[in-house]
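Side chains included, hydrogens not; waters and symmetry mates left out as well; all remaining heavy atoms used.
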Amino acid sequence: MDGTRAGTPDPRGLAALILGASLLGFAAMLVRWAAPAGPLAVGFYRMAIALPPVAWLAWRARNSARREAGKARLWAGVAGLCFVGDLWMWHSSLHHTSAANATLLVTLAPIWVAVVSVVWLGAKLRRRFWLGVAFALGGALILGLAKGARWGTGLGELLGALASLAYGAFTLALGRARQELSAPEALFWVVLCCTAGFGVLGLAQGEAFTGYPARAWWALAGLGLVVQVVAWWLITWGIGHVSTNLGAMGLMTQPVATVILGWLLLGESVKPLQGLGTLLVLAGIAACAFAPPVASGPAEA
């Protein structure tokens, strides 16, 4: 592994993680511009377009690969399948509840990561970390309410919660893969498995993979190159330099970036509640950044 997993997090890793998660803020508007492409077709082209440059990056980093890293590659493949499940269930939830509800529920992922880390992986998290989680989730709740989140029929909310479980599993599996794989190689196996997963699901559900207007193809290219290559390379590299729990928290920068980019690029108004939610999310991430896991003994403040 090439980064710090305990103690004070590597500031370069945290900066890369937050920058990458911020670039994910472009995903929502690019998915919107990719219409009429369906969600599985969008996922397939996002990964297929990213695959050649990611494969080239992995080939360049081949000298750093370990011969005994087969299990780590398997973990990267599991991360890819979890990511497919996350996006599939999240997109499906949008048909049964509001986008605000679905996005809000996905932000539960850091809770699942923290619970798994404590119960199954033996991590000891400081009270300050849990306080940061509470701040960030509170901020995400405010952002969701400001965007109109309200309880729906229940099915959409269930799918959104299941998507958050898949996203949490993705974060844990990717963190495990990064203990032995370089960022480019881990990203390559994730993207390869995602391409296959989205392609199979898209064909099984009969989604159209052709016949899109030029704007949709440009949006798909942006998703593949900006979001999947640049953003996720930064995130994958950053996760190798911070704890998995902090990595999950750093990914919560995405809804903040979505609000800011919507204001800058789409002329969407920013409500005072959104400003408060943004500050709480950032404060929560900062609190978690300065509350590394305890090496041994009881949890500390």
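- At a threshold of 4.5 Å between non-hydrogen side-chain atoms, the residues V190 and C194 count as touching.
- With contacts defined as side-chain heavy-atom distances shorter than 4.5 Å, the pair V227/L24 qualifies.
- Atom NZ of residue K71 and atom CD of residue E180 lie 8.5 Å apart, to the nearest 0.5 angstrom.
- L57 is not listed as a side-chain neighbour of F188, based on a closest heavy-atom distance of 4.5 Å or more.
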key: Residue pair L17, L234: steps toward the side-chain contact (heavy atoms from CB on, under 4.5 Å) verdict   = CA-CA 6 Å; L17 180 67; L234 288 167; over 6 Å; no
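- Across every non-hydrogen atom of D86 and A163, the tightest pair is OD1-O, 3.2 Å.
- For R73 and E185, the salt-bridge test passes: some basic side-chain N is under 4.0 Å from an acidic carboxylate O.
- Following chains of ILVMFWY side-chain contacts shorter than 4.5 Å, one can reach L192 starting from F170, so the two form part of one hydrophobic cluster.
- When hydrophobic clusters are built by joining Ile, Leu, Val, Met, Phe, Trp and Tyr residues whose side-chain heavy atoms come closer than 4.5 Å, directly or via intermediates, L19 is not grouped with V226.
- Hydrophobic clustering (ILVMFWY, side-chain heavy atoms < 4.5 Å, transitive): V78 and M89 are in distinct clusters.
- Checking side-chain atoms of R178 against main-chain N and O of T236 turns up a donor-acceptor pair under 3.5 Å.
- The two atoms that bring A35 and A216 nearest to each other are O-CB, 3.8 Å, heavy atoms only.
- Ring centroids of F83 and W232 are separated by less than 6.0 Å, placing the two rings close together.
- With a 4.5 Å cut-off on side-chain heavy atoms, V31 and L223 count as touching.
- Within the structure, no pair that satisfies the side chain to side chain donor-acceptor pair (under 3.5 Å) test touches residues 193-220, not counting sequence neighbours.
- Tracing side-chain contacts under 4.5 Å through hydrophobic residues (I, L, V, M, F, W, Y), one reaches L201 starting from F209; they form part of the same cluster.
- Judged as a side chain to side chain donor-acceptor pair (under 3.5 Å), the pairs with a partner in residues 38-47 (not counting sequence neighbours) are, in order, R46-Q228.
- One hydrophobic cluster holds both W56 and L187 under the rule that ILVMFWY side chains link at heavy-atom gaps under 4.5 Å.
- L40 is listed as a side-chain neighbour of W88, based on a closest heavy-atom distance under 4.5 Å.
- Residues P53 and L225 form a side-chain contact, since some pair of their non-hydrogen atoms from C-beta on lies under 4.5 Å apart.
- Distance check, rounded to the nearest 0.5 Å: SG of C82 to CG of L87 gives 11.5 Å.
- Considering only heavy atoms from C-beta on, W75 stays 4.5 Å or farther from L181 through its side chain.
- For the side-chain contact (heavy atoms from CB on, under 4.5 Å) test with F198, the passing option among V84, V42, L203 is V84; the others fail.
- Between W233 and P184 the shortest side-chain heavy-atom distance falls below 4.5 Å.
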